[in-house]
Asks: 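Structure below; questions to follow.
So you know, we letter chains A, B, ... as the sequences are listed, proteins then strands, and number each from 1. Since this is a predicted model, take the numbers as computed values, not measurements.
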Amino acid sequence: MNETTTWNIDIQTALIEWFDRSARTLPWRSYSNPYAIWLSEVILQQTRVAQGRAYWEKFMTEFPTLQSLAEAPSEKVMGLWAGLGYYSRARNLHATAKIIAELGDFPNNAKDLQSLPGIGPYTAAAIASIAFKQVIPALDGNAFRVYTRLFALADCIDLPSTQKIIAHKSLPLLDPLRPGDSNQAIMDLGAQICTPTQPKCIDCPLAFACEAFRRGTQTDFPMKKSKKVAKQVSMTLHVIMRKDKIAVIKRPSKGIWGDLWCFPEELPETIPVIEGLRKRHLLTHLDLDVHFPESHAPSLWIEPQWEWVDPNVLQHRAIPVPIRWWLEEKNYI
DNA sequence: AAGGCGGGGGG
DNA sequence: CCCCCAGCCTT
């Protein structure tokens, strides 16, 4: 056994022992069925555990099995997802449930998993390692941070070439008998110890092996391209009342708030408008200045795309956060 | 390779 | 205010 091998095994062991001692207790970790694990992984894409946890509980209660999710109406799936963001995840989740239900059994390796909608390199590796014990590194934002520090790797993590290097260098650090736990240990480490700004290296089980720690350059990693500023955009969402009903439209699948119910952005010029509320809504790529002008449509007014709904029940549909905000401001919730 | 896509919590 | 989070998909 050469020196490199023993070094890697020392890291494997330190990681697994730390995991057994200090891992977060998360509800999906008590499940071994791939459905529950897949659901957690999709919900947690670009989403903190603290935010996604309640959604996982809701989905598991409403759809205890993959079959039940596959058979659900999409309106119900989108409604449960409302408020969590990145709504294409919900559409892809539903589409994949139907595909797997049709297949008969759950794909059990990363390559097959990655062919499914909404399952990319990270999620495929996570499911394959956790549910099926495939030895493959699951590289999320946490893992990229932990590994670039461990290796003092100064390459930009946005580049696919860098991600390949990390996948290659991290593979031997996984315990071949517990690859899922090794991956989850790295992610837990990133969330609790190897944090972006103030890493707690004094408590880190991998400090003995960490090149950035040895150099005192932990916060130099990971390197990434500077992000662009969010574009400022003004958006008009017309609040149109007809008697006691309010006009809503279902937004197209592509674009912001895809498949969600929203107030119309366009209004026939024949309907007079009064100024309404205004709200700033920040997204990663947009700085929205949302206007809510109010108007009243004649009692028999028909607009093909609009649906007239009771504002008191609108909260139960799949609506974006600004609509929910408006309903709250007007005491409909 | 770059840009679109949500929302919220923590420093 | 700024950061970035168990990323993926399209162009």
Asks: Ion pair present between A/D140 and A/R145, side-chain N to carboxylate O less than 4.0 angstrom?
Replies: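 Not counted as a salt bridge, because no side-chain N and carboxylate O are separated by less than 4.0 Å.
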Asks: Evaluate A/W81 against A/Y86 for ring-ring contact (aromatic ring centres under 6.0 Å, His included), listing each step before the verdict.
Replies: CA-CA 9 Å; A/W81 198 275; A/Y86 287 136; 10.0 Å; no
Asks: Without decimals, in angstroms, what is the distance between A/I186 CD1 and C/dA6 P?
Replies: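 In whole Å, C/dA6 P lies 14 Å from A/I186 CD1.
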Asks: Would you say A/E71 and A/Q67 are linked by a side-chain donor-acceptor pair, where the criterion is simply a distance under 3.5 Å?
Replies: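 Yes, side-chain donor-acceptor contact under 3.5 Å.
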Asks: Could you give the CZ-to-P distance, from A/F144 to C/dC3, as a whole number of Å?
Replies: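 It is 20 Å, rounded to the nearest whole Å.
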Asks: If you find the nucleotide of DNA chain C closest to A/G141 and the one closest to A/R280, which residue's nucleotide is nearer the 5' end?
Replies: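 Its nearest nucleotide being more 5', the pick is A/R280.
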Asks: Once you round it to whole Å, what is the distance between C1' of C/dC8 and CG of A/L93?
Replies: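 A/L93 atom CG is separated from C/dC8 atom C1' by 13 Å.
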Asks: Using a cut-off of 4.0 Å on non-hydrogen atoms, how would the nucleic acid contact of A/T123 be classed: base, sugar-phosphate, or nothing?
Replies: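 Sugar-phosphate contact only.
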Asks: Would you say the side chains of A/Q45 and A/Y122 form a donor-acceptor pair under 3.5 Å?
Replies: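 Side-chain D/A pair, A/Q45 to A/Y122: absent.
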Asks: Both A/D188 and A/G118 contact DNA chain C. Which one's nearest nucleotide lies toward the 5' end?
Replies: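 Upstream on the strand: A/D188.
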Asks: Which whole-number value in Å describes the distance from A/E41 CD to C/dC8 C1'?
Replies: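 One finds 14 Å between C1' of C/dC8 and CD of A/E41, rounded.
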Asks: Return the 5'-most residue of the pair A/K254, A/P160 with respect to DNA chain B, ranking by each residue's nearest nucleotide.
Replies: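 Closest to the 5' end, via its nearest nucleotide, is A/P160.
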Asks: Counting any heavy atom closer than 4.0 Å, what does A/R29 reach on the DNA or RNA strands: base, sugar-phosphate only, or nothing?
Replies: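 Base contact - A/R29 has a heavy atom under 4.0 Å of at least one base atom.
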Asks: Just call it for A/L26: base, sugar-phosphate, or nothing, with non-hydrogen atoms closer than 4.0 Å on any strand.
Replies: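 Answer is base: heavy atoms of A/L26 come under 4.0 Å of a base.
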Asks: Under 6.0 Å between ring centres, would you say that holds for A/Y31 and A/W38?
Replies: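 No, too far apart.
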Asks: Over how many whole Å does the gap from A/D158 atom CG to C/dC5 atom P extend?
Replies: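 Atom CG in A/D158 sits about 11 Å away from atom P in C/dC5.
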Asks: For A/R53, report the nucleic acid contact type (base, sugar-phosphate, nothing); a contact means any heavy atom under 4.0 Å.
Replies: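 Here A/R53 touches no strand at all.
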Asks: Just the rounded figure in Å: distance from P of B/dG4 to NZ of A/K231.
Replies: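 To the nearest whole Å, that distance equals 6 Å.
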Asks: Polar atom pairs between nucleotides 6-10 of chain B and protein, under 3.5 Å, N or O only, would you list them?
Replies:
| from | atom 1 | to | atom 2 | distance (Å) |
| --- | --- | --- | --- | --- |
| B/dG6 | OP1 | A/Y87 | N | 3.4 |
| B/dG6 | OP2 | A/W257 | N | 2.3 |
| B/dG6 | O4' | A/Y86 | N | 2.9 |
| B/dG6 | N7 | A/Y86 | OH | 3.3 |
| B/dG6 | N7 | A/T284 | OG1 | 2.9 |
| B/dG6 | O6 | A/Y86 | OH | 3.2 |
| B/dG6 | N1 | A/Q46 | O | 3.0 |
| B/dG6 | N2 | A/Q46 | O | 3.3 |
| B/dG6 | N2 | A/T47 | OG1 | 3.2 |
| B/dG6 | N2 | A/L84 | O | 3.4 |
| B/dG7 | OP1 | A/Y87 | OH | 2.6 |
| B/dG7 | OP1 | A/V321 | N | 3.3 |
| B/dG7 | OP2 | A/W257 | NE1 | 2.9 |
| B/dG7 | OP2 | A/H281 | NE2 | 2.8 |
| B/dG7 | O6 | A/T284 | OG1 | 3.3 |
| B/dG8 | N2 | A/R48 | NE | 3.4 |

Asks: Between A/S115 and A/D112, is there a side-chain donor-acceptor contact under 3.5 Å, judged purely by atom types and distance?
Replies: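 Judged by distance alone, the side chains do not pair up.
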Asks: We want to know whether A/Q12 and A/R178 form a side-chain donor-acceptor pair, criterion being a heavy-atom distance below 3.5 angstrom.
Replies: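 A/Q12 vs A/R178: no donor-acceptor pair found between side chains.
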Asks: Between P on C/dC4 and CG on A/N142, what's the gap in Å once rounded to a whole number?
Replies: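 Nearest whole value for this atom pair: 12 Å.
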Asks: Paired with B/dG4 by Watson-Crick or G-U wobble geometry, both distances under 3.5 Å: which nucleotide is it?
Replies: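 Pair assignment: B/dG4 / C/dC8.
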Asks: Roughly, in whole Å, what's the span from NZ in A/K224 to C1' in B/dA1?
Replies: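 Distance, rounded to whole Å: 17 Å.
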Asks: P atom, C/dA6 versus B/dG11: distance in rounded Å?
Replies: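 Roughly 14 Å separates the two P atoms.
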Asks: Counting any heavy atom closer than 4.0 Å, what does A/W56 reach on the DNA or RNA strands: base, sugar-phosphate only, or nothing?
Replies: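 Since no nucleic acid heavy atom lies under 4.0 Å of A/W56, the category is nothing.
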Asks: Can you check the distance between C/dT11 and B/dG6, where both ends of the measurement are the P atom (answer in whole Å)?
Replies: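 Looking at atom P only, C/dT11 and B/dG6 are 16 Å apart.
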Asks: Table please: side-chain donor-acceptor pairs of residues 126-136 of chain A below 3.5 Å, with sequence neighbours left out.
Replies:
| from | atom 1 | to | atom 2 | distance (Å) |
| --- | --- | --- | --- | --- |
| A/S129 | OG | A/A125 | O | 2.9 |
| A/S129 | OG | A/A126 | O | 3.2 |
| A/S129 | OG | A/N183 | ND2 | 3.0 |
| A/Q134 | OE1 | A/A110 | N | 2.9 |

